[in-house]
S.K.: 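Got a structure for you, written out below as structure tokens; questions coming shortly.
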Amino acid sequence: MRRRFLIGGLIILAALTYLIYGGMRQAMVYFVTPSELKEENRSAKDRFLRMGGMVVEGSLKKDLTALTYRFEITDGVATVPVFFRGVPPDLFAEGKGAVVEGRIGKDGVFLATTVMAKHAEEYSPPKEGTAPYPRSFIPGKEEKGL
Amino acid sequence: MEKRHGRSRTILGGLTLVSVLLGLYWGLVQAPPDAYQGQLQRIMYLHIPTILTAYLSFFIVFIMSCLYLWKRDRRDDILAYSAAEIGVLFTGLTIIEGSIWGKPTWGVWWTWDARLTLTAILFLIFVGYLILRSLIEDENRGAICGAVLGIIGFLDIPLIHMSVYWWRTLHQPPSILRPDKLPWENVHPSMLIALSINFAAFLLLYFYLLSLRFHVGEMREEVKRMKLYGGA
């Protein structure tokens, strides 16, 4: 009796694990890459999307009176231009990882409603003589030009 | 017997208080700010110890539930129930701390990436465990149902841990619990000291709470026995 219960339980458990693992593996694509987006460009139009990659160095153009940001996101193969109006997180920067949420516009520009910054799992103090990164956290010493 | 336990618990409580204060001092004053995240990174000194303590707690639920199903010793069940309760507390705290860290760094309080979603599921499974335990009046049935749910619920933890490798997530990979890199390769030694002190403080706090909660469970059992059979 006990053994039957145990075997039954194990089968249910194995099935559950398989379902969760297999199902999530496909369903839980949290964000698409620029390459994947280019491949399925037609079907991606007018659909809510998350796209992740690196912010291309030198691509960031801020207009701080209109609060608009234009930049490009790349996965090393394809690059997608992004337009965002709002306030990005403090860690958002060129050459760093970012995930944007929004839609692809008719002109192929990604219209982001949310910009999220990824950060690494590495932590270390700032080098001698340099301030820690989000300078805006030191009152009265906000980054010049912002 | 209980008097002696009470005294060692008081000592444990004192040690906890001292180490928590030491951890706060080290995390807020001694450790340097992070090059990239500045002062915000100090949340790590709470966030990592809290979730590791929650993992440990549910691991104890897992072990004690297996033992209970095997040997049917009431004390194993009381310990499993106690650990589940404190595990829920620490998981809830982890989610709150993570949100506070996430808003200024990621830009959002919450996002449905695999790691965050699976952590929310872990929290819900064990909230469900607590509801289940309080709903079933028959003690033995409650204990058996709880043990089965506790074992299944624990299996979410390896999924949470691997989630950042298996799926694309906003959450970064682990800094500490990983086989391919040593902790000080990810976390600068000056920060690792603060993290270790806080982890030790959380472990002490955890075992202090667990022993208190286990004691409450034992007293509850005693009261029930007295009601059933009368006498002291």
Side-chain angles (χ1 to χ4, degrees), chain A residues 2 5-6 8-10 12-14 16-17 20-22 24-33 36 50-53 75 84 86-93 96-101 112 114-128 130-138, chain B residues 31-42 44-45 48 69-70 101-108 111-118 121 144 148 151-152 155-156 158-159 162-164 166-178 181 184-192 194-195:
Chain A
R2 261 234 185 126
F5 185 69
L6 196 75
L10 277 179
I12 293 173
L13 206 71
L16 262 179
T17 315
I20 294 175
Y21 179 77
M24 295 214 1
R25 186 137 238 194
Q26 288 166 12
M28 292 217 26
V29 178
Y30 175 66
F31 58 76
V32 295
T33 61
E36 287 165 349
R50 259 188 224 106
M51 176 180 70
D75 56 6
F84 172 65
V87 182
D90 289 302
L91 296 192
F92 174 75
K96 301 284 181 184
V99 177
V100 292
E101 288 178 349
T114 310
V115 170
M116 294 178 277
K118 275 190 79 133
H119 66 80
E121 70 276 25
E122 288 158 1
Y123 307 98
S124 64
K127 290 202 179 71
E128 279 302 313
T130 57
Y133 175 73
R135 292 171 187 88
S136 54
F137 281 109
I138 305 164
Chain B
D34 180 58
Y36 186 46
Q37 295 190 30
Q39 310 294 346
L40 288 170
Q41 176 268 339
R42 297 182 193 278
M44 180 187 81
Y45 302 130
I48 294 180
L69 288 182
W70 182 26
W101 196 1
K103 180 61 185 171
T105 51
W106 294 343
V108 287
T111 188
W112 293 104
D113 87 343
R115 174 159 266 195
L116 276 64
T117 306
L118 286 166
I121 290 173
I144 293 169
V148 172
I151 292 168
I152 295 175
L155 299 178
D156 189 29
L159 283 180
M162 296 312 292
S163 61
V164 283
W166 288 345
W167 300 290
R168 294 172 191 160
T169 57
L170 185 64
H171 198 288
Q172 68 283 3
S175 300
I176 303 295
L177 268 188
R178 56 192 293 172
K181 274 168 108 183
W184 49 89
E185 289 179 57
N186 280 325
V187 182
H188 191 269
S190 59
M191 297 168 157
L192 202 59
L195 185 61

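A note on names: the letters A, B, ... follow the listed sequences, proteins ahead of strands, and every chain is numbered from 1.
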S.K.: Given the options B/Asp113, B/Val148, B/Val187, which has more heavy-atom pairs under 4.5 Å with chain A than any of the others?
M.R.: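 It is B/Asp113.
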S.K.: Please flag which part of B/Thr105 lies under 4.5 Å from any non-hydrogen atom of chain A: side chain, backbone, both or neither.
M.R.: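 Both parts, backbone and side chain.
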S.K.: Ignoring hydrogens and geometry, is there a side-chain-to-backbone donor-acceptor pair from B/Asp34 to A/Ser124 under 3.5 Å?
M.R.: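 Between the backbone of A/Ser124 and the side chain of B/Asp34 there is a qualifying donor-acceptor contact (under 3.5 Å).
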S.K.: Please classify the contact between B/Arg115 and chain A as side chain, backbone, both or neither, with a heavy-atom cut-off of under 4.5 Å.
M.R.: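 Neither part.
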S.K.: Would you say the side-chain atoms of A/Lys127 pair up with the backbone N or O of B/Ala35, donor to acceptor, closer than 3.5 Å?
M.R.: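 Checked: no pair found.
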S.K.: What part of B/Pro189 gets within 4.5 angstrom of chain A, counting heavy atoms only: side chain, backbone, both, or neither?
M.R.: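 For B/Pro189, there is no contact with chain A at all, as no heavy atom is under 4.5 Å.
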S.K.: Chain A: which of B/Val108, B/Leu192, B/Thr117 shares the most heavy-atom pairs with it under 4.5 Å?
M.R.: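 Of the candidates given, the most pairs with chain A belong to B/Val108.
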S.K.: Less than 4.5 Å to any heavy atom of chain B: does that hold for the side chain of A/Val87, its backbone, both, or neither?
M.R.: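 Neither the backbone nor the side chain of A/Val87 comes within 4.5 Å of chain B.
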S.K.: Most heavy-atom pairs under 4.5 angstrom with chain A, which of B/Val164, B/Ile176, B/Ile152, B/Thr169?
M.R.: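 Sorted descending by pairs with chain A, the first entry is B/Thr169.
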S.K.: Under a 4.5 Å cutoff for heavy-atom pairs, which residue among A/Lys96, A/Arg50, A/Glu101, A/His119 has the most contacts with chain B?
M.R.: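 Maximum pair count with chain B is reached by A/His119.
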S.K.: Under 4.5 Å heavy-atom distance to chain A, tell me which part of B/Leu69 shows up: side chain, backbone, both or neither.
M.R.: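 Looking at B/Leu69, just its backbone touches chain A.
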S.K.: Tell me, side chain or backbone of B/Met162 under 4.5 Å from chain A's heavy atoms, or both, or neither?
M.R.: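 Interface part for B/Met162: neither.
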S.K.: Taking every heavy-atom pair that is under 4.5 Å apart, which of B/Gln41, B/Glu185, B/His171, B/Lys103 has the most such pairs with chain A?
M.R.: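 Option with the greatest count: B/Gln41.
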S.K.: Could you tell me the separation between the CD1 atom of B/Ile48 and the OH atom of A/Tyr123, rounded to the nearest 0.5 Å?
M.R.: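 It comes to 6.0 Å.
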S.K.: Could you tell me the separation between the OG1 atom of B/Thr111 and the CZ atom of A/Phe31, rounded to the nearest 0.5 Å?
M.R.: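 It comes to 10.5 Å.
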S.K.: Is it the side chain or the backbone of B/Leu155 that comes within 4.5 Å of chain A heavy atoms, both, or neither?
M.R.: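 Just the side chain, heavy atoms under 4.5 Å.
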S.K.: Using every non-hydrogen atom in the two residues, find where B/Ser175 and A/Glu121 come nearest and quote the distance to one decimal.
M.R.: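 Scanning both residues, the minimum pair turns out to be OG-O, 2.8 Å.
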S.K.: With a 4.5 angstrom heavy-atom cut-off, which part of A/Thr33 approaches chain B: side chain, backbone, both or neither?
M.R.: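 The answer is both parts of A/Thr33.
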S.K.: Short question: side chain of B/Tyr36, backbone of A/Leu91 - any donor-acceptor pair under 3.5 Å?
M.R.: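 Between the backbone of A/Leu91 and the side chain of B/Tyr36 there is a qualifying donor-acceptor contact (under 3.5 Å).
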S.K.: Any chance you could measure B/Leu40, atom CG, to A/Asp90, atom CG, to the nearest 0.5 Å?
M.R.: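 Taking CG in B/Leu40 and CG in A/Asp90, the distance rounds to 7.0 Å.
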